[in-house]
K.L.:
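One structure is given below, represented as structure tokens, and several questions about it will come after.
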Amino acid sequence: MPASRLPTGMDAYDRITRNAAEVVTDEEARALADAPDGKRAYVGYEPSGVLHVGHMLTANKLIELQDEGFEVVVLLADVHAYLNGKGTFAEIRDTATRMQEQFVAYGLDPDRTEFVLGSEYQLDEEYVLDLHSLELETSLSRAERAMAEIAGDDTATVAHAVYPLMQALDIVYLDVDLAIGGMEQRKVHMLARDTLPSIDASAPTCLHTPLIADLTTGVGKMSSSGGLSISMEDSGADIAKKVEKAYCPPTADPDPTDNGEERENPVLQLFEYHVFPRFSEVVVERPDQYGGNLTYGSYDALETDLESGELHPADAKGALATCLNDLIAPGRERIRSDHD
RNA sequence: CCGCCCUUAGCUCAGCCUGGUAGAGCAGUCGACUGUAGAUCGACUUGUCCCCCGUUCAAUUCGGGGAGGGCGGACCA
């Protein structure tokens with residue numbers, strides 16, 4: 001497994017915010033970057049049996065933050081998963097353990113990562129009363145809007161309204177300075193920033209990672225339910241097949257669809273957000289017929305070559321599949337041995 | 001609590017009035033064409049017709065009940 005290798009010449013602020021879609025606020029992030037030691041960053045995940053690229057994208061950021069001196073907390077949000085209808089409590093608890101193992105296999109240092117099960121503290125009387133206090137401060141429609149990107153299209157339940165408020169409280173109870181999440185978390189985090197002062201708690205700084213576009217269309221975000229997604233249980237052949245099918249015009253900025261929907265290039269996104277943060281060098285194997293192998297030390301160089309036509313998408317895809325497979329292989333081994 | 005509308009393929013829906021177990025678009029799969037994918041052609045696949053009871057030779061279709069969803073009203077001295 002390659003260690004994360006950050007480009008030289010970047011200051012702490014640049015490294016902390018690298019590949020972020022958004023930071024709230026910039027000033028707060030700069031303050032954290034000035035004195036990162038002992039500061040705490042966290043991400044909460046609903047336990048699921050198998051990590052997918054979305055989990056790994058935020059995990060990349062956690063690994064980088066560890067290297068910057070942050071204390072990293074991973075919340076295995078079993079109660080949240082239960083509130084979001086992900087199964088019985090016993091089932092969810094079981095998957096939490098496996099998820100933790102996969103994060104470690106992926107590269108989170110077990111000695112420097114605090115894994116916390118939500119139910120360890122979220123059912124305490126003090127927590128529940130604080131939660132009710134936040135409920136008093138929050139309109140139903142605000143809570144519902146915060147959850148819109150998280151809870152599918154199913155009818156909103158009372159559980160869904162409570163869910164984001166618990167996320168806000170978690171930030172207090174886990175003593176978090178920097179909340180990490182995908183862009184789908186932004187409304188939850190904004191809600192936390194708005195309402196936490198009402199219980200005399202300080203609002204967190206937030207850093208949001210981009211969402212990888214749908215693999216086959218480049219539209220919207222990759223979902224584990226709908227289209228293709230890449231997960232830790234994929235075999236090398238599975239990954240090769242999925243990457244093969246990916247939408248990949250020779251540009252980082254594809255034209256919108258006929259319906260006017262914005263499109264991204266998911267292959268380039270995977271290079272940018274998954275491959276280069278973890279590999280210092282990427283070798284693209286290319287038949288002599290087309291010019292032989294290419295080597296890239298940065299995402300920008302690869303993007304430039306794809307745009308110019310020097311790098312053909314089919315060759316880029318081959319390298320992408322190889323890299324993704326290398327990233328996933330340790331976790332896949334972990335899953336396999338669990339099944340035995 | 002009262003009333004109205006909805007529930008059929010993965011998705012959006014048609015069909016039901018005038019019973020004979022079902023269709024379109026999109027999606028998906030495969031092929032052609034591009035050194036990837038997409039676009040474009042060509043072919044193909046898909047269903048406890050929400051559940052229960054009843055009428056009938058026969059119910060997705062008619063009747064009753066139930067569940068889930070949407071909307072409106074009432075209550076809120």
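Reminder, nothing fancy here: chain letters follow the sequence lines and each chain counts from 1. The model shown is predicted, which means the values in this text are computed figures rather than measured ones.
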K.L.:
Distance check, C1' atoms only: B:U8 and B:C13, in whole angstrom units.
P.N.:
9 Å
K.L.:
Please classify the nucleic acid contact of A:Pro287 as base, sugar-phosphate, or nothing, using heavy-atom distances under 4.0 Å.
P.N.:
nothing
K.L.:
In Watson-Crick or G-U wobble terms, both distances under 3.5 Å, what is the partner of B:G54?
P.N.:
B:C62
K.L.:
Using a 6.0 Å distance limit plus a 45 degree cone around the ring axis, check whether A:Arg334 lies over the aromatic ring of A:Phe103.
P.N.:
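So A:Arg334 doesn't make the cation-pi contact.
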K.L.:
Counting only Watson-Crick or G-U wobble pairs whose two distances fall under 3.5 Å, which nucleotide matches B:C76?
P.N.:
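Because no pair has both required distances under 3.5 Å, B:C76 counts as unpaired.
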K.L.:
Can you check the distance between B:G19 and B:A27, where both ends of the measurement are the P atom (answer in whole Å)?
P.N.:
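That atom pair is separated by 37 Å.
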K.L.:
Below 4.0 Å from chain A heavy atoms, what is the first contacting nucleotide of RNA chain B and what is the last?
P.N.:
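Listed 5' to 3', the contact boundaries are B:U29 to B:G70.
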K.L.:
Now, which nucleotide makes the Watson-Crick or G-U wobble pair with B:A67, with each of the two distances under 3.5 Å?
P.N.:
B:U7
K.L.:
Which part of the nucleic acid, if any, lies within reach of A:Lys317 when heavy atoms closer than 4.0 Å are counted: base, sugar-phosphate only, or nothing?
P.N.:
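The answer is base, as A:Lys317 lies within the cut-off (heavy atoms under 4.0 Å) of a base atom.
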K.L.:
Roughly how far apart, to the nearest Å, are B:C33 and B:A37 at atom P?
P.N.:
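So the two P atoms sit 12 Å from each other.
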K.L.:
Rounded to whole angstrom, note down the C1' distance from B:A77 over to B:C17.
P.N.:
49 Å
K.L.:
Should A:Tyr273 and A:Ile212 be marked as a side-chain contact (heavy atoms from CB on, under 4.5 Å) after you check the CA-CA gap, both sets of side-chain angles, and the distance that decides it?
P.N.:
CA-CA 8 Å; A:Tyr273 300 117; A:Ile212 303 291; 3.8 Å; yes
K.L.:
For A:Arg263 and for A:Arg286, locate the closest nucleotide of RNA chain B by heavy-atom distance; then report the residue assigned to the nucleotide nearer the 5' terminus.
P.N.:
A:Arg286
K.L.:
Say you pick atom P in B:G28 and the same atom in B:G38; how far apart are they, in whole Å?
P.N.:
9 Å
K.L.:
Would you say the ring centroid of A:Tyr45 lies under 6.0 angstrom from that of A:His55?
P.N.:
yes
K.L.:
Using a 3.5 Å distance criterion without hydrogens, assess whether the side chain of A:Asp238 forms a donor-acceptor pair with backbone atoms of A:Ser235.
P.N.:
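Yes.
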K.L.:
Between B:U12 and B:U7, how far apart are the P atoms? Round to whole Å, please.
P.N.:
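Those two atoms are separated by 11 Å.
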K.L.:
Counting only Watson-Crick or G-U wobble pairs whose two distances fall under 3.5 Å, which nucleotide matches B:U12?
P.N.:
B:A24
K.L.:
If you draw a 6.0 Å radius around CD in A:Glu307, do more than 12 non-hydrogen atoms from other residues or ligands fall strictly inside?
P.N.:
yes
K.L.:
Taking A:Arg15 first and then A:Asp67, would you say they form a salt bridge - that is, a charged N and a carboxylate O separated by under 4.0 Å?
P.N.:
no
K.L.:
Identify the nucleotide, in any strand shown, that forms a Watson-Crick or G-U wobble pair with B:A32, with both distances under 3.5 Å; if there is none, say none.
P.N.:
B:U40
K.L.:
With sequence neighbours excluded, what pairs up with A:Glu272 under the salt bridge (Lys or Arg N to Asp or Glu O under 4.0 Å) test?
P.N.:
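Per chain and number, A:Glu272 pairs via salt bridge (Lys or Arg N to Asp or Glu O under 4.0 Å) with no residue.
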K.L.:
Would you measure the distance from the C1' atom in B:C57 across to the matching atom in B:G69 and give it in whole Å?
P.N.:
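It works out to 37 Å between them.
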K.L.:
Between B:U61 and B:G23, how far apart are the C1' atoms? Round to whole Å, please.
P.N.:
15 Å
